[in-house]
Amino acid sequence: MLGLRRDIQQSAAFTPRAYLEGLKLPANFTLPPLSAVYEDAVRLPELRKSGPPTIRTVFVRNGAATTLNPTGALHEPLAWNTTLPDLFKFAYFARTEDVPVELMDPVIWALGMFIRALLEGTESQLRAMGHILPHQKAEDALYFMTANARFKLIEHLLSPFIDRPDDAIPHLKVALEQDNARRGEVNDKTDPYQSNPMLYVLYTDALVFSNQFDKHTRDELNKVLHAVQTTKLRKSADFSFIILKARSHLALVLQQMGSDEQEQKEHVEYCAKFLRKNPKLVPERSLLQLLFRRDQPIHPVLELLGGLSWLKGVITREGLTARMEERQTKACRYCGGREPQVTLFRCSGCKHIYYCSKECQKTNWKVHKEACKEAAAAKVRAAELMSFDPEAGQKATDWIKFRESPIPANNTLLAHALGLYRDPSRGHTHIVFREVEYRPKASKDFRFRFHAKRAGVFKIEDVMMEIERMMGLNPGEGPKYVREILEDLDATNPRLEKAPILNISFGDGIQTWLGSAAISVYSLRMTPHNPRWRESMNLGEPPEPLLLKSGAQDVEHVF
């Protein structure tokens, strides 16, 4: 499959996921197989030359044929929908980030045609085809479907792989009109830039990418920036990139308008400083789309950073330094607030987690207290050990640094192992066991001195006795111990939907550690699943499967 995104291409077991905003799909819902979608996409160019076949009767329900248009042939959009059902179903239900690159153009076409089908088809036709279900009110169903289809269409058009902002703008204007009309119907007086910020973020992206450097674009950007920096939204973990984009766009727009040089300079310096510290926070294609467009003048932020040589250095750089990884992941333990929106300080006890205020620290203390004491005590023991046994002390110090490091082996790769991409609830019921080995000569970087020899995924209830034994608990204490850890994670940033990540790491001469982290469901949605997580766990060979003495079954692939 030529043209697949690199992250998808590396995954032989890649399976697109379904998602609709505002609706939880049934557990047994499945997308059509990619092979069937490709078959429809291959047929599309030739069919478009002649148009869809004439269709009158399509379905048989309750033993009787359902005639969609008794007075003549089915109108064009619904005829296309019936002719290429797998492409249409995939286009509407698939997560935008899971659509392979070479399917994006057919999917964009299908979404546009599906919107026409919803707007031009009669209620009886749409009910006969199953688009409006018997229990649904037609008006609500149509609003919901057109909003989802149009939003996905806009995301595809603005994708770095497609980059058609001029085509996206008409759809964005309609989406904004519909959103405002809907809000008026329910008497919602909330600032629309706060209640639906992503729609306005996409709108401002399209305006800037289509070279509309004018007062309207400037005003819209300022409204977006104000919305995501308000008290209500400023601590959300997902807005750092949005703030960066808004300020980067404003830097360019103000420069091209020739107005407010001081404000323009402040935006440029902010973005340059942010990108120097977090060069890998923005995906490469998105960074190129943001700072280097051939139809625009050189971006002032890129110019301050050093031009194309800096951009080339970021793209060719492999991996992140330990400091970069820490900056990209550090956030307030309670509310999730991130820099630069808030100022963070370390917990003085464990010296590992961060808070943005004394209020957040005080609120979180009841669930962090025990873990804080354990972490602080471990660091004291490592320091004492260093004084009379430097080799053992270094091993203990490296182990503490490793297990507290936000490297992929301690979070995202474990999320892939647990299958959270498919079912986030598994974070509450499953755990990764990881046997590690200390290899101090493998690297000068502490992050690569521990090698995962074996790993496996188990149901917590199946390995509770192992958890109790390995953590030095009395029989029967395990459930309460695990429950308190999960409660701590659930209390972290309570406004953010997230999934816990639990793992037990152990090895010869290494203090057993029950690690805990959390990943946002939004992040899971934006990250294609990596079934080859084992191959990314180590610098060298991947961990082998782990067999427990209890005989507990590895359930990585059991859903």
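The structure presented is a predicted model; accordingly, all values stated were derived computationally and were not measured.
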Please report the closest heavy-atom contact between [X] and [Y], naming both atoms and the distance.
X: A415; Y: L524; answer: CB-CD2, 4.4 Å
X: I501; Y: L489; answer: N-CD1, 4.4 Å
X: L546; Y: E435; answer: CD1-OE1, 4.2 Å
X: M104; Y: S159; answer: CE-OG, 3.9 Å
X: C347; Y: Q361; answer: CA-NE2, 4.3 Å
X: P479; Y: E468; answer: CD-OE2, 3.8 Å

Tell me, with the steps shown, if L275 and V314 meet side chain to side chain contact (heavy atoms under 4.5 Å, CB included).
-> CA-CA 10 Å; L275 287 169; V314 171; over 6 Å; no

For I298, does the CD1 atom have more than 12 heavy-atom neighbours from other residues, nucleotides or ligands under 6.0 Å away?
->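 Counting other residues, nucleotides and ligands, CD1 of I298 exceeds 12 neighbours.
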
Mark yes when over 12 heavy atoms from residues, nucleotides or ligands other than M465 sit less than 6.0 Å from its CE; otherwise mark no.
->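 For M465, atom CE is not crowded (no more than 12 foreign heavy atoms under 6.0 Å).
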
With the side chain counted from C-beta on, respond yes when [X] and [Y] share a heavy-atom pair under 4.5 Å apart, and no when they do not.
X: E556; Y: W533; answer: yes
X: R454; Y: F433; answer: no
X: V107; Y: T96; answer: no
X: K453; Y: V436; answer: no
X: L202; Y: F151; answer: yes
X: H267; Y: L225; answer: yes
X: V432; Y: L502; answer: no
X: F450; Y: E437; answer: no

Main chain of [Y], side chain of [X]: is a donor-acceptor contact present, judged purely on distance under 3.5 Å?
X: T412; Y: A409; answer: no
X: N364; Y: C360; answer: no
X: E477; Y: N474; answer: yes
X: T363; Y: E359; answer: yes
X: R346; Y: K351; answer: yes
X: D398; Y: P440; answer: no
X: D445; Y: R447; answer: yes
X: D98; Y: A94; answer: no

Could you tell me whether [X] and [Y] make a salt bridge, using a distance below 4.0 angstrom between a side-chain N and a carboxylate O?
X: R293; Y: D163; result: yes
X: K480; Y: E484; result: yes
X: E541; Y: R439; result: yes

With rounding to the nearest 0.5 Å, note down the distance linking [atom1] in [X] to [atom2] in [Y].
X: H226; Y: L221; atom1: NE2; atom2: CG; result: 14.5 Å
X: C271; Y: E266; atom1: SG; atom2: CD; result: 11.5 Å
X: N148; Y: F93; atom1: CG; atom2: CZ; result: 9.0 Å
X: S516; Y: I431; atom1: OG; atom2: CD1; result: 10.0 Å
X: D205; Y: S286; atom1: CG; atom2: OG; result: 9.5 Å
X: Q553; Y: L547; atom1: CD; atom2: CG; result: 11.5 Å

For a quick test of your reading: what N or O donor-acceptor pairs under 3.5 Å do the side chains of residues 365-388 make, sequence neighbours left out?
unit_1: K379; atom_1: NZ; unit_2: C350; atom_2: O; d: 2.4
unit_1: K379; atom_1: NZ; unit_2: E404; atom_2: OE1; d: 3.3
unit_1: K379; atom_1: NZ; unit_2: E404; atom_2: OE2; d: 3.4
unit_1: S387; atom_1: OG; unit_2: E384; atom_2: O; d: 2.5

Within the 6.0 Å centroid threshold, strictly below: [X] and [Y]:
X: F209; Y: H249; result: yes
X: F506; Y: W513; result: no
X: F448; Y: F402; result: no
X: Y355; Y: Y334; result: no

Go through the steps for V301 and L290 under the test side chain to side chain contact (heavy atoms under 4.5 Å, CB included), then give the verdict.
-> CA-CA 10 Å; V301 173; L290 181 65; over 6 Å; no

Enumerate donor-acceptor pairs with a distance under 3.5 Å from any side-chain N or O in residues 455-463 to protein atoms, sequence neighbours excluded.
unit_1: K459; atom_1: NZ; unit_2: E461; atom_2: OE2; d: 3.3

Distance-only donor-acceptor check, side chains [X] and [Y], under 3.5 Å:
X: R434; Y: S505; value: yes
X: R247; Y: Y270; value: no
X: H299; Y: S248; value: yes

With a cut-off of under 6.0 Å to the ring centre and 45° to the axis, is K245 in cation-pi contact with F241?
->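 Positive - K245 is close enough to the ring of F241 and near enough to its axis.
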
Within 45 degrees of the axis of the six-membered ring of F559 and under 6.0 Å from its centre: does R426 put its NZ or CZ there?
->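 Pair R426/F559 counts as cation-pi.
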
Could you go step by step and tell me if F90 and L34 meet the side chain to side chain contact (heavy atoms under 4.5 Å, CB included) rule?
-> CA-CA 9 Å; F90 180 82; L34 269 179; 4.1 Å; yes

In sequence, state the C-alpha distance, the side-chain angles, and the governing distance for L20 and L25, and then conclude on side chain to side chain contact (heavy atoms under 4.5 Å, CB included).
-> CA-CA 8 Å; L20 288 180; L25 295 170; 4.1 Å; yes

